[in-house]
Amino acid sequence: MTSVNITPEARRRSAASPFARRTKRFGAALFSILATLFGLLFVTFLIARVMPIDPVLAVVGERASNEIYEAAYKQLGLDKPLVVQFLYYVRDVVTGDFGMSTLTARPVLQDIARVFPATLELATLATIIGVALGIPAGVIAAVHEGRWQDQILRFIGLFGYSMPIFWIGLIGLLVFYGKLGWVGGPGRLDIYYVDIVPSITGMILIDSLIARDWTIFWNAVSHIILPASILGYYSLAYISRMTRSFMLEQLGQEYITTARVKGLSETKVIWRHALGNVMIPLITVIVLSYATLLEGSVLTEVIFAWPGLGNYITNALLSADMNAVLGGTVIVGLVFVGLNLLSDILYKFVDPRAR
Amino acid sequence: MLFGKTIAALSLTTALVMPMIGAIPAAYAETPPNMLVVAHRIDDLISLDPQEMFEFSGTDYANSVYQTLVDYDDLDFSKGFGPSIASSWEISEDGKTYTFKIAEGLKFASGNPVTAKDVEFSLRRAILLKKTPSFILTQFGFTEENLDETLVAKDDSTFVLVSDKKYAPSFVLNCMTSAIASIVDSKLVMEHEVDGDLGNAWLKTNSAGSGAFKLTSWKPNESLTIEANPNFSEGAPAMKRVIIRHIPESASQRLLLEKGDVDIARNLTPEDVAGLSGNEDVKVLTDMRGRIMYISMNQSDEILSNPKVVEAIKYLIDYEGMADSFLKGQYVVHQAFLPLSYLGELQDKPFKLDIEKAKALLAEAGYADGFDVEFIVRTEQDRLDIAQALQNNFAQVGINASIVQGTGKETLGKYRARDFQIYVGAWGPDYPDPQTNADTFTHNPDNSIEAKLTGKLAWRNAWAAEGFTERTEAAVQESDTAKRAEMYVQLQKDFQKEAPFAIMFQKTEQNGLGASVEGYSMGAAITGSYYGKVTK
């Protein structure tokens with residue numbers, strides 16, 4: 001046994017109670033989150049203010065007289081210095097006030113609470129589809145590296161990754177809704193079912209289950225399945241590609257050979273041992289892909305008239321509805337930060353070394 | 001076998017997803033018989049308060065939910081305005097005092113009776129709120145200070161309006177049909193007043209009208225639902241519910257229409273309209289809109305202020321060629337400043353592409369070899385296409401035109417500052433009376449740069465409009481409607497010859513309808529759509 005020089009610093013660190021260590025780590029994490037969000041607020045605020053669209057015109061229209069224009073200009077607080085505007089904005093955001101949307105005449109937070117469940121529902125289902133198909137596809141491709149199974153799966157993945165979602169969406173609608181009539185059209189429900197089931201979570205699939213209304217549940221399924229499959233295909237392409245490369249790395253490791261020598265079945269070696277180890281880096285991949293979908297799969301939402309966050313922010317941007325743009329961006333930022341945190345926690349949960 | 005097992009695992013996960021596709025009950029093939037579903041781009045809707053809104057979708061909404069003192073027959077605009085909330089009216093000798101009798105037995109959707117007090121409240125509210133469209137009413141001289149004398153309910157059934165001077169009755173009454181003159185339920189609105197806002201915050205997202213429908217729900221950028229008003233004076237409409245869904249994409253709208261999931265598709269591109277031909281379940285309705293496309297020449301420019309040059313340029317435009325190619329289905333050739341379907345419309349189209357004639361005119365003007373000129377154009381596809389087509393034609397007579405693109409704000413800024421040579425523009429009327437466009441195209445009481453009459457296109461082009469200004473003022477005061485119409489016809493004929501504007505096109509709109517849909521009005525150039533008489 002070799003002697004180890006322990007620095008006083010390290011001794012102090014190891015002497016600190018686990019509670020203190022955890023608190024410190026939590027503090028650091030919190031600080032980094034807050035700094036990230038503050039930076040996000042600052043940058044989006046600046047961009048919103050220098051954009052060549054006029055938020056006042058968005059409120060009063062091009063024909064407004066100077067008097068009306070000035071009144072709205074003041075009402076929006078645009079007559080104050082930029083720094084003051086920003087400080088006011090931060091103060092409001094901290095107290096949970098994202099301001100009023102000029103487009104909807106409602107509080108931005110209320111708007112987001114209304115549109116976010118639609119995106120959450122779509123992104124979650126898409127991720128489930130992407131994971132359920134993407135991981136097996138990646139594993140199979142890796143096991144059959146270079147052979148026809150691999151070639152086909154890689155082609156499918158590449159196709160999904162390179163085709164514009166806009167185009168796949170329209171073709172999907174045309175074929176499965178237009179020609180075959182297997183699925184519902186744009187929107188979350190056939191229009192005459194809207195507002196029948198009380199909104200509890202805002203996610204129609206869950207709300208209709210709670211209300212035990214099967215007609216509405218299946219109608220909602222028929223509407224969500226196509227956009228979710230298209231988005232799911234997109235995330236499948238990414239997840240399977242990453243799974244394949246992680247698996248290839250694992251399959252070359254010594255422990256796999258050892259396991260095989262020990263006489264473990266191929267199924268166990270691949271699906272339990274190798275995949276088990278791959279799950280750890282895969283979590284980050286899955287969470288990232290989920291976050292991307294939550295951020296608003298804008299084009300898909302537009303094509304499918306899906307009233308979600310992506311659609312909301314796009315519309316707000318096109319109409320110079322700056323409070324809504326800022327509010328939406330902050331929420332997206334929060335989602336990203338939150339999911340990153342979640343992925344860290346999961347990581348520690350799955351990987352003993354990280355504990 | 002490993003492969004077999006992996007396939008099994010794959011199939012299992014697939015099996016979780018695929019049956020959902022197969023087992024889904026097929027989407028219903030048609031909408032319920034007493035419900036009208038409309039696919040429409042409604043992201044321009046920012047407020048449902050009739051004294052505030054000024055957008056196309058807003059006018060549609062106001063038509064269905066509110067009534068005005070006088071109104072049009074939505075299925076025949078050529079009749080002009082007729083009674084609505086006012087059953088009759090009288091105009092004083094001096095032409096300034098209008099006394100309206102309120103029809104008996106009218107009720108708001110709330111059940112409250114419609115009285116002259118509601119009319120007084122609504123019109124005063126339009127002045128006091130000072131929102132963008134308020135100028136439609138303030139042009140009659142109403143101000144915050146004089147409301148007690150100018151807009152007055154004498155009793156429950158008599159309402160009196162006093163204008164600052166004599167105007168053509170058709171002008172006053174046409175303006176009374178516009179959305180801002182909608183009559184709201186004063187009792188209901190004032191119950192929701194906050195901080196002296198006259199119920200503005202509440203009315204942005206609620207309705208208080210006496211029209212064919214009342215508001216059920218508005219989810220911005222998602223849907224607008226209105227339902228039949230049982231108290232409507234003309235009897236509850238056949239459609240119990242009208243749902244307008246925000247579907248921005250033309251291809252999606254067409255698909256929904258063809259599948260029978262919507263009854264009306266409002267924003268179809270010419271390609272999608274062409275794609276509908278041959279489908280017997282669908283019909284296409286075409287109607288005029290108020291938007292006018294034109295080019296104008298700045299009269300402070302030495303070359304462009306030469307009348308021969310102006311005339312030559314009017315012969316350098318391939319009106320038919322553009323309307324039949326890239327503008328097909330969106331615009332038709334129109335060469336007068338009043339949109340067709342307006343009082344005093346002029347159908348004459350004296351100009352067509354004539355290169356030889358243009359050459360001769362330029363030679364007479366002393367520019368046989370042409371000259372250099374600059375277009376300013378807003379970055380918008382149809383305007384850019386027009387500018388390029390013009391550039392090609394101009395080149396044939398030696399006029400070397402360059403195109404400067406910009407955002408709406410940039411080009412509008414230059415236009416309003418008279419800092420341009422040729423402007424490629426569009427203009428839409430603000431209210432359903434010829435004065436709206438006459439005032440902007442032919443009225444310029446002070447052409448000096450200091451006058452800053454930026455709202456008037458004649459001024460923006462530094463065109464003194466001599467003779468025209470006086471005639472425009474006379475026309476807006478002419479009591480005899482037929483005579484007034486004739487004055488606008490003559491005004492437009494002379495405008496075609498002399499003005500530095502070449503009016504080129506008028507907007508048309510095509511809507512796709514389910515074959516059984518009847519009684520739907522698109523509103524022509526005059527107003528918005530109306531769903532109150534639809535049956536299917």
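When reading the values below, keep in mind they use all heavy atoms of this one structure, side chains included, and skip hydrogens, waters and symmetry mates. Since this is a predicted model, take the numbers as computed values, not measurements. Sequence lines set the chain letters: A, B, ... in the order given, protein chains first and strands last, and positions in each chain run from 1.
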Discussion item. If I measure from the heavy atoms of chain B, does A:I224 come under 4.5 Å with its side chain, its backbone, both, or neither?
Written reply: neither
Fill in: Proximal component of B:K130, with respect to chain A [non-hydrogen, under 4.5 Å]
both
Item to complete: Please look at B:S47 and chain A and tell me whether the side chain, the backbone, both or neither of the residue comes under 4.5 angstrom of a heavy atom of that chain.
Response: neither
Worksheet item: Are the side chain of B:K259 and the backbone of A:Y177 linked by a donor-acceptor contact shorter than 3.5 Å?
Response: yes
Practice prompt. Please state whether the side chain, the backbone, both or neither of B:E258 comes within less than 4.5 Å of a heavy atom of chain A.
Written response: neither
Item to complete: Using a cut-off of 6.0 Å, state whether more than 12 heavy atoms not belonging to B:F142 lie near its atom CZ.
Response: yes
Practice prompt. Check the surroundings of atom CD in A:Q75: do more than 12 heavy atoms from other residues, nucleotides or ligands lie under 6.0 Å from it?
Written response: no
Worksheet item: Between A:L174 and chain B, which part of the residue has a heavy atom less than 4.5 Å away: side chain, backbone, both or neither?
Response: both
Worksheet entry | Residues in side-chain hydrogen bond (donor to acceptor under 3.5 Å, both in side chains) contact with A:D150, at least two apart in sequence or another chain | A:R244
Kindly list each side-chain donor-acceptor pair under 3.5 angstrom involving residues 217-226 of chain B, sequence neighbours excluded, with atom names and distances?
unit_1: B:K219; atom_1: NZ; unit_2: A:D195; atom_2: OD1; d: 2.9
unit_1: B:E222; atom_1: OE1; unit_2: A:R114; atom_2: NH1; d: 2.9

Response to the item:
Between A:R106 and B:T205, the two heavy atoms sitting closest are NH2-CG2, 3.9 Å
Worksheet item: Heavy-atom distance under 4.5 Å to chain A: side chain of B:L48, backbone, both or neither?
Response: neither
Response to the item:
Checked B:T454, B:I247, B:I243, B:L45 vs chain A; the most non-hydrogen pairs under 4.5 Å come from B:I243
Worksheet item: A:N315 and B:H246: which non-hydrogen atoms are nearest, and at how many Å?
Response: ND2-NE2, 4.2 Å
Discussion item. Under 4.5 Å from any heavy atom of chain A, what part of B:S134 do you find: side chain, backbone, both or neither?
Written reply: side chain
Worksheet item: For B:L255, is it the side chain, the backbone, both or neither that has a heavy atom under 4.5 Å from a heavy atom of chain A?
Response: both
Worksheet item: Side chain, backbone, both or neither: which part of A:L173 has an atom under 4.5 Å from a heavy atom of chain B?
Response: both
Response to the item:
Residue from A:A71, A:P186, A:S101 scoring the most non-hydrogen pairs under 4.5 Å with chain B is A:P186
